[in-house]
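So the structure is just underneath, and the comments pick up after that.
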Amino acid sequence: MSTKPATDAAGHDAAMLLAIEQAQRVKGKTYPNPPVGAVVVDRDGRVVGVGGTGPTGEAHAEVVALRRAGELAAGGTVVVTLEPCNHHGRTPPCVDALLAAGVARVAYAVDDPNPEAAGGAARLAAAGLEVLAGVQADAVRAGPLREWLHKQRTGLPHVTWKYATSIDGRSAAADGSSQWITSEAARADLHRRRAAADAIVVGTGTVLVDDPTLTARLPDGTLADRQPLRVVVGQREISADAHVLNDDSRTMVIRTHDPAEVLRALSDRTDVLLEGGPTLAGAFLRAGAIDRILAYVAPILLGGPITAVDDVGVPSIARALRWRYDSVEPIGPDLLLSLVPN
């Protein structure tokens with residue numbers, strides 16, 4: 001048995017992009033399952049069902065989309081961001097639902113790296129379905145499944161260092177003021193990402209200086225339905241009245257400066273945002289513990305001594321930590337730079 005290459009699936013690209021949208025909508029709500037999206041296309045090429053994986057114990061994306069399609073799924077195509085699972089966990093195998101629905105074809109983006117769940121493509125092909133693998137795989141790997149695939153590969157949470165900076169790399173003015181370097185649009189984008197993350201990490205210095213709440217908020221200022229775990233790292237004591245200790249979300253205090261210890265304490269998480277100041281960011285960079293950088297860059301100049309990151313252990317240009325652009329996106333008047341290790 002062999003699945004057909006991605007070139008045979010060119011006509012399914014549009015449906016896969018819709019499936020990616022569905023996956024993004026459920027991101028942060030499916031743990032420990034991956035955020036997966038699925039689309040059902042009938043015999044005539046019409047989209048008749050869409051869905052994303054539900055919270056733990058609820059239906060996976062394929063099942064949600066098939067339910068919405070009903071009888072129109074028979075003889076059609078299911079496009080899904082991850083290879084359909086072939087094992088019985090909290091829910092039955094998605095392969096069973098696909099076979100029962102009588103679909104003729106399944107197109108998916110990424111093979112399931114979990115050996116317990118893998119094998120769905122082979123079983124579908126053995127049952128006579130046409131199977132297309134690798135459809136929009138790069139978009140899915142860099143999109144909704146980025147953090148989950150990292151966790152499957154390494155056993156560690158995926159860490160994104162997020163910061164806001166002026167065009168000259170300053171995270172605050174000379175007097176320490178930093179609200180607000182970036183625009184309201186950039187802040188709204190950050191809150192959306194917080195709502196999908198499993199944890200936000202800051203140092204005790206950030207808590208003592210800025211007293212942040214570290215919550216995810218909607219555009220109207222109210223709390224989002226889902227809040228990440230707030231994590232404070234460092235040896236200094238913080239006030240019992242600190243906003244980070246309020247009832248808006250849970251908080252974990254880790255008395256260490258070692259990034260490896262922080263990651264071990266968060267080993268049950270998948271998507272971690274590092275929002276600490278320059279000292280904590282430098283420590284994580286020196287330890288090689290950052291998997292992605294999200295830099296919100298505002299078109300302003302601040303000068304002064306307060307930079308986004310302290311010492312990263314680079315003695316010369318030859319020893320520079322080299323990253324590559326993953327994407328560059330305008331956010332209101334600002335730019336959002338996404339970078340990954342080179």
Side-chain angles (χ1 to χ4, degrees), residues 1-27 29-30 33-55 58-114 116-141 143-145 148-149:
M1 188 286 303
S2 63
T3 57
K4 294 191 176 183
T7 51
D8 291 337
H12 304 301
D13 283 353
M16 184 62 77
L17 293 177
L18 181 56
I20 291 172
E21 289 181 14
Q22 294 297 310
Q24 293 285 16
R25 290 183 180 182
V26 300
K27 192 172 182 181
K29 304 174 184 177
T30 65
N33 293 326
V36 175
V39 172
V40 181
V41 180
D42 70 8
R43 299 172 187 264
D44 299 321
R46 299 172 302 182
V47 173
V48 293
V50 297
T53 295
E58 295 186 13
H60 290 187
E62 300 94 311
V63 174
V64 174
L66 287 170
R67 287 173 179 169
R68 292 173 177 168
E71 296 181 356
L72 295 175
T77 300
V78 173
V79 179
V80 60
T81 54
L82 183 66
E83 177 186 9
C85 66
N86 190 37
H87 82 300
H88 200 299
R90 292 184 175 90
T91 59
C94 291
V95 170
D96 290 356
L98 292 164
L99 294 175
V103 302
R105 182 183 300 105
V106 172
Y108 69 94
V110 178
D111 292 328
D112 194 325
N114 184 344
E116 291 185 2
R123 185 175 163 205
L124 291 169
L129 277 70
E130 181 181 4
V131 180
L132 306 175
V135 180
Q136 291 285 330
D138 288 345
V140 171
R141 291 192 188 100
L145 287 182
W148 183 81
L149 288 171

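Between Ile20 and Ala139, the shortest heavy-atom contact is CD1-CB, 3.8 Å. Here the closest heavy-atom approach between residue Ala137 and residue Val110 is recorded as O-CG2, 4.1 Å. Across Ala69 and Val40, no two heavy atoms sit closer than the pair CB-CG1, 3.8 Å. Contact between Val36 and Val26 at its shortest, heavy atoms only, is O-CG2, 4.1 Å. The two residues Gly37 and Ala23 come nearest to each other via the heavy atoms N-CB, 3.6 Å. Of all heavy-atom pairs between Glu83 and Gly120, the closest is OE2-N, 3.2 Å.
The side chain to side chain contact (heavy atoms under 4.5 Å, CB included) test with Arg105 singles out one residue from Thr77, Leu124, Val78, and that residue is Thr77. Between Asp13 and the choices Leu18, Val135, Val79, the side chain to side chain contact (heavy atoms under 4.5 Å, CB included) rule is met once, by Val135.
Not one N or O on the side chain of Glu62 forms a donor-acceptor pair closer than 3.5 Å with the backbone of Cys94. Side-chain atoms of Thr30 never come within 3.5 Å of backbone atoms of Gly54 as a donor-acceptor pair (strictly under, hydrogens ignored). The main-chain N or O of Gly76 is never found under 3.5 Å from a side-chain atom of Arg43 such that the two would form a donor-acceptor pair.
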side-chain contact (heavy atoms from CB on, under 4.5 Å) evaluation trace for Leu66 with Val103:
CA-CA 10 Å; Leu66 287 170; Val103 302; 4.1 Å; yes
Residues Glu21, Gln24; criterion side-chain contact (heavy atoms from CB on, under 4.5 Å); working and verdict
CA-CA 5 Å; Glu21 289 181 14; Gln24 293 285 16; 5.7 Å; no
Would you please test Asp138 and Gln136 for side-chain contact (heavy atoms from CB on, under 4.5 Å) and show each step?
CA-CA 6 Å; Asp138 288 345; Gln136 291 285 330; over 6 Å; no
Check against side-chain contact (heavy atoms from CB on, under 4.5 Å), Val41 and Arg46
CA-CA 5 Å; Val41 180; Arg46 299 172 302 182; 5.8 Å; no
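The OG1 atom of Thr81 lies 12.0 Å from the OH atom of Tyr108; values are rounded to the nearest 0.5 Å. Here Asn114 contributes atom CG and Leu149 contributes atom CG; the two are 11.0 Å apart, rounded to the nearest 0.5 Å. The line from NE2 of His60 to CG of Leu82 is 10.0 Å long, rounded to the nearest 0.5 Å. To the nearest 0.5 Å, the span separating CG on Leu72 from CG on Asp42 amounts to 6.0 Å.
Side-chain contact between Pro35 and Thr53 is absent, with no heavy atoms from C-beta onward closer than 4.5 Å. Between Asn33 and Trp148 the shortest side-chain heavy-atom distance does not fall below 4.5 Å. The shortest side-chain heavy-atom distance between Val95 and Cys85 does not fall under the 4.5 Å cut-off. Taking the side chain as every heavy atom from C-beta outward, Val50 and Arg25 never approach each other to under 4.5 Å.
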